[in-house]
Each structure stands twice: as structure tokens, then as C-alpha cells.
Amino acid sequence: MTENIQMVDLQSQYQRLKEQIDDAIFSTINSSKFIKGPNNSSLQTELAEYLNVKKVVNCANGTDALQLALMALDLKTGDEVIVPAFTYVATAEVIGLLGLTPVLVDVDYHSFNTTADIIEEAISEKTKLIVPVHLFGQCSDMEPIMKLATQHNLFVVEDTAQAIATTYTFADGRKVKAGCMGNIGTTSFFPSKNLGCYGDGGALFSDDETLAEKLRMIANHGQSVQYVHDAIGINSRLDDIQAAILRVKLQELDDFNIRRNKVADFYDSALKDIDKVIIPHRQYNSTHVFHQYTIKVKDGLRDDLKLFLQQKGIPSMIYYPKPLHHQKAYASISKIGSDLTISEKLCDEVLSLPIHTEMNDSQLEYIIENINIFFNGK
Ligand SMILES: *Cc1c(COP(=O)(O)O)cnc(C)c1O
């Protein structure tokens with residue numbers, strides 16, 4: 001019973017990679033190039049190569065990445081930005097901070113992501129930008145979304161905080177990594193993300209080199225030449241110790257995602273026959289990196305299951321308990337772009353189970369055994 005199960009086990013992962021990580025940290029301290037050091041530029045190059053995108057711009061966190069993306073697109077007060085109601089708050093927060101109007105749209109029940117059909121309903125004269133979120137590790141259906149954006153002359157910023165390395169396949173067979181299809185992709189290196197550092201971090205991706213230069217300028221106090229400020233910017237940097245750690249972990253990223261997929265496969269086969277549980281839907285045109293393994297629990301049993309698991313020492317999380325239109329801060333500044341019943345339903349049904357790169361079979365068996373006891377009494 002002493003399985004010590006955690007949602008994310010960063011300690012065990014560190015122990016496994018300790019030698020390389022310690023090396024990376026201490027060689028950065030030895031060089032004492034803490035800000036804008038060589039690891040930052042190397043990480044940008046290596047990540048751009050990995051993602052097959054022209055430019056990567058590092059910044060301080062995933063929320064800043066979203067803010068920088070919105071600032072670089074020169075949106076004006078009152079411009080509308082379409083964003084799912086079922087997402088982490090950061091996505092809508094920066095929209096509100098910049099005086100733009102979040103237009104909240106529903107998501108698909110199976111994929112947890114919004115779709116072109118839903119977005120289309122919400123497009124108005126004022127719409128300038130769509131922010132699809134690749135929730136839980138699977139890509140939004142980007143081909144129709146990009147088509148819609150082209151038709152209506154809209155920008156697309158992909159929130160890739162939960163889906164770095166996920167691959168989307170277009171109808172013609174072309175494969176593109178999440179975050180590299182819209183004008184800008186943003187990600188977070190928060191420790192628990194699939195590619196996480198040991199503090200805060202974030203990055204932006206773009207195939208538009210002019211736009212990438214602008215992002216770099218805005219992230220650096222709006223200066224392209226030192227002490228020349230052509231625009232009001234912010235100060236958003238990734239420190240070089242974090243960049244050094246991320247360079248080590250980028251080498252492991254494919255392996256991390258294989259490990260997560262093994263856990264997901266295990267859960268899938270063990271839970272697929274429980275009729276009150278809906279296992280995560282696998283989209284035919286996207287891989288899944290399982291940032292979260294999120295089930296839906298029917299008949300209002302979600303909270304009871306969560307409590308039962310907790311009593312057995314098994315953590316689980318509700319991502320997310322409230323849609324954005326039910327959050328006080330967003331209810332007043334947002335516009336409702338579509339019917340939002342699926343988002344509301346999901347908030348009542350979703351439960352994310354422990355998933356990380358270090359899970360072992362006995363932990364998984366223990367979790368499954370207890371889920372079975374909850375539903376079947378055995
Ligand atoms: C984590 C996350 C963010 C924010 O990243 P931070 O680095 O914590 O600022 C934004 N969007 C989504 C979907 C996230 O999961």
C-alpha cells in the first residue's frame with residue numbers, strides 16, 4: 001500500500017538523469033554567464049531543429065509567451081480573440097490584460113479541444129485572432145482551423161504548453177509539430193510540463209522570421225539595439241541554468257513521451273471496459289504526448305471516485321473544475337462565442353490520473369485495482 005504515487009514524480013526523474021543535469025547546472029555556474037548565456041542560444045537552435053520550425057525565442061514562462069505573442073500581433077483594444085472556455089486560465093488572462101476581448105467558445109467532448117466548426121460561429125467583424133489550446137497533449141484539429149483563419153484573415157497563436165512534441169498530420173500526409181502551424185506557437189517549461197525545467201521558463205516558435213525578431217525585441221524591453229526602444233516591451237528571459245537543464249531534457253523528450261504513452265496504454269486497456277468511465281479519445285490525425293491522462297466519469301460519480309482514490313493514497317486532479325465563463329474575473333470581460341454546455345459538462349466529469357515518466361507497473365496495478373474496487377467492488 002505504500003506505493004508513494006504522485007501526479008508527477010520530478011524527484012525520481014532527476015535521480016535518473018542526475019549526472020547530466022548536475023553537470024549542466026555546475027558548468028553554467030562555473031561559466032557564470034547566467035543571463036543570455038550560450039545555453040540560451042543553443043537551446044533555441046536545438047529546439048528549432050527538433051520542432052522543424054525556423055525560429056525559437058525563449059522567455060520567462062508560458063504566460064509571458066502568450067502575452068508576447070499577442071503584443072507582437074499589434075492587436076488594438078476591443079479586438080476579439082477566440083479562445084476555448086475549457087482551458088487553463090493563462091490563455092484568457094493575457095487577452096484580458098492587454099484590453100482585448102476574450103470570446104469564449106466550446107470544445108469537442110471527445111478531444112477536449114475546440115474545433116473550426118465551433119470557432120466559425122464566434123467570428124465577428126472584430127475578430128482578429130484564434131488561440132487554439134492543445135489540451136492534455138493532443139493537437140487541436142489544425143487543418144480546418146488554419147483554413148478558417150485564412151478565409152477570414154485571422155491570426156492563429158497555438159497554446160502548446162501541454163503538447164510540445166505532439167505531431168499533427170495534414171490530409172496530404174504532411175506532418176507538423178504542434179505549435180508550428182499557426183503564426184506563433186507558445187509553450188511553457190514549468191517543471192511539471194512534458195519538457196520542464198527546474199523553475200519557470202517558456203518559449204515561442206515561429207516560421208516567420210520578421211515576427212520572431214519582433215518577439216525577441218518585445219521580450220527585451222522593446223529594444224533591438226541596446227538603449228534604442230522603438231516599442232514598449234517587457235522583460236521576459238529564460239535564465240541560462242534553466243536553458244542548460246532544458247538542453248539535457250530535450251535529448252530525453254522522445255523517451256519521456258514514450259514512457260508517458262506506455263502508462264496511457266496501460267490505463268486504456270485496464271479501464272476501457274468500465275462502463276462508467278470514458279477513456280481519452282485518440283485522434284487519428286494527432287499523436288498524443290499525454291501531458292495528462294484524463295478520463296470522464298459518468299453518472300455524477302467523479303467526486304466520489306476522487307475521494308475514494310485519495311483515501312487509498314492515490315492522487316488525482318480535476319483539470320479544470322470551472323469553465324472560464326464561470327470565473328468571476330472573466331465572466332464580465334468575456335463575450336460568449338458559442339453554446340458552452342460541453343465545457344460545463346466536462347468540468348463535472350473530468351478526472352486526471354497520475355501520469356509521468358517514472359511510473360512503474362506496481363503503481364499502475366495498484367491504481368487500477370482500486371478503480372475496479374470503486375466501480376465493481378472487486
Ligand atoms: C501551463 C500552461 C500555461 C502557462 O504556463 P506558465 O509557464 O505556468 O506561465 C498556459 N497555457 C496552458 C494550457 C498551460 O497548461
Side-chain angles (χ1 to χ4, degrees), residues 7-8 10 43 47 56-71 81-98 102 104-105 107-108 111-114 129-140 142 145 156-166 178-179 182 184-205 215 219 234-239 242-243 245-246 249 257 260 280 286 288-294 317-324 327 329-330 343 346-347 350 352 355-356:
M7 286 300 289
V8 181
L10 296 172
L43 175 66
L47 192 53
V56 169
V57 178
N58 293 338
C59 65
N61 57 66
T63 309
D64 273 10
L66 285 160
Q67 181 173 342
L68 287 161
L70 266 54
M71 288 173 82
V81 181
I82 297 175
V83 63
F86 184 70
T87 181
Y88 182 56
V89 68
T91 327
E93 184 173 42
V94 295
I95 301 171
L97 268 177
L98 295 174
L104 305 178
V105 293
V107 296
D108 174 70
S111 70
F112 305 108
N113 289 324
T114 191
L129 167 68
I130 305 167
V131 185
V133 181
H134 307 309
L135 208 66
F136 302 149
Q138 198 163 226
C139 206
S140 302
M142 287 303 289
I145 292 176
V156 175
V157 170
E158 296 170 68
D159 184 342
T160 317
Q162 302 191 2
I164 193 161
T166 299
I184 302 171
T186 67
T187 202
S188 163
F189 300 130
F190 186 79
S192 65
K193 300 285 157 99
N194 288 34
L195 179 61
C197 60
Y198 288 2
D200 275 309
L204 300 114
F205 326 135
L215 290 167
I234 62 174
N235 173 26
S236 187
R237 302 184 283 235
L238 181 70
D239 74 65
Q242 300 304 341
I245 293 165
L246 286 163
K249 291 183 79 173
N257 289 334
R260 286 175 175 274
S286 170
H288 206 321
V289 294
F290 286 102
H291 176 60
Q292 299 296 343
Y293 185 89
T294 304
M317 293 290 287
I318 298 168
Y319 301 121
Y320 296 91
K322 262 189 192 190
L324 289 179
Q327 297 282 2
Y330 296 94
S343 297
L346 287 173
C347 290
V350 288
S352 298
I355 190 164
H356 54 76

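Both ligands and their constituent atoms are indexed starting at 1 by order of listing.
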*Asks:* Would you say His134 contacts ligand 1, with heavy atoms under 4.0 Å as the rule?
*Replies:*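 Under 4.0 Å: no for His134.
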*Asks:* Check each atom of ligand 1 against the heavy atoms of Asn61 and keep those under 4.0 Å away; list them by number with element.
*Replies:*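 It comes down to these atoms of ligand 1: 7 (O), 9 (O).
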*Asks:* Only pairs under 3.5 Å count here: list side-chain donor-acceptor contacts from residues 60-70, not counting sequence neighbours, and write none if there are none.
*Replies:*
unit_1	atom_1	unit_2	atom_2	d
Asn61	OD1	Thr63	N	3.0
Asn61	OD1	Asp64	N	2.7
Asp64	OD2	Ser236	OG	2.6

*Asks:* For atom 14 (C) of ligand 1, what's the nearest protein heavy-atom neighbour? Residue, atom name and distance, please.
*Replies:*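 I find the closest protein heavy atom is Lys193 NZ, 3.1 Å.
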*Asks:* Does any part of the side chain of His356, heavy atoms only, come nearer than 4.5 Å to the side chain of Ser192, both counted from C-beta?
*Replies:*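 No, side chains not in contact.
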*Asks:* Does Tyr88, backbone or side chain, put an N or O under 3.5 Å from an N or O of ligand 1?
*Replies:*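 N/O-N/O distance under 3.5 Å: no.
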*Asks:* Ignoring hydrogens and angles, tell me if any N or O in the side chain of Asn194 forms a donor-acceptor pair with the backbone of Val289 under 3.5 Å.
*Replies:*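 Side chain of Asn194 to backbone of Val289, a donor-acceptor pair under 3.5 Å: yes, one is there.
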*Asks:* Could you tell me which residues satisfy ring pair (Phe, Tyr, Trp, His ring centres under 6.0 Å) with His288, sequence neighbours excluded, listed by chain and number?
*Replies:*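 Phe290.
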*Asks:* Pairing donors with acceptors under 3.5 angstrom, does anything connect the side chains of Thr187 and Thr160?
*Replies:*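 No - no donor-acceptor pair under 3.5 Å links their side chains.
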*Asks:* Is Thr87 close to ligand 1, meaning an N/O of one under 3.5 Å from an N/O of the other?
*Replies:*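 Min N/O separation from ligand 1 is not below 3.5 Å for Thr87.
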*Asks:* Between the side chain of Gln242 and the main-chain N/O of Tyr198, is any donor-acceptor distance below 3.5 Å?
*Replies:* yes
*Asks:* I'd like to know whether Ile164 forms a side-chain contact (heavy atoms from CB on, under 4.5 Å) with Lys193, so could you lay out the CA-CA distance, the side-chain angles of the two residues, the decisive distance to 0.1 Å, and finally the verdict.
*Replies:* CA-CA 9 Å; Ile164 193 161; Lys193 300 285 157 99; over 6 Å; no
*Asks:* Looking only at distance, does Phe189 have an N or O less than 3.5 Å from an N or O of ligand 1?
*Replies:* no
*Asks:* Does Asp159 approach ligand 1 within less than 4.0 angstrom via side chain, backbone, both or neither, non-hydrogen atoms only?
*Replies:* side chain
*Asks:* At less than 4.0 angstrom from any non-hydrogen atom of Ser188, what atoms of ligand 1 do you find?
*Replies:* 5 (O), 6 (P), 7 (O)
*Asks:* Pick one of side chain, backbone, both or neither for how Val133 approaches ligand 1, counting any non-hydrogen atom pair under 4.0 Å.
*Replies:* side chain
*Asks:* With distance as the sole criterion, is a donor-acceptor pair present between the side chains of His134 and Gln162 under 3.5 Å?
*Replies:* no
*Asks:* What residue and atom, counting heavy atoms only, is the protein's closest point to atom 4 (C) of ligand 1, and at what distance?
*Replies:* Thr63 OG1, 3.6 Å
*Asks:* Any nitrogen or oxygen of Tyr320, main chain or side chain, under 3.5 Å from a nitrogen or oxygen of ligand 1?
*Replies:* no
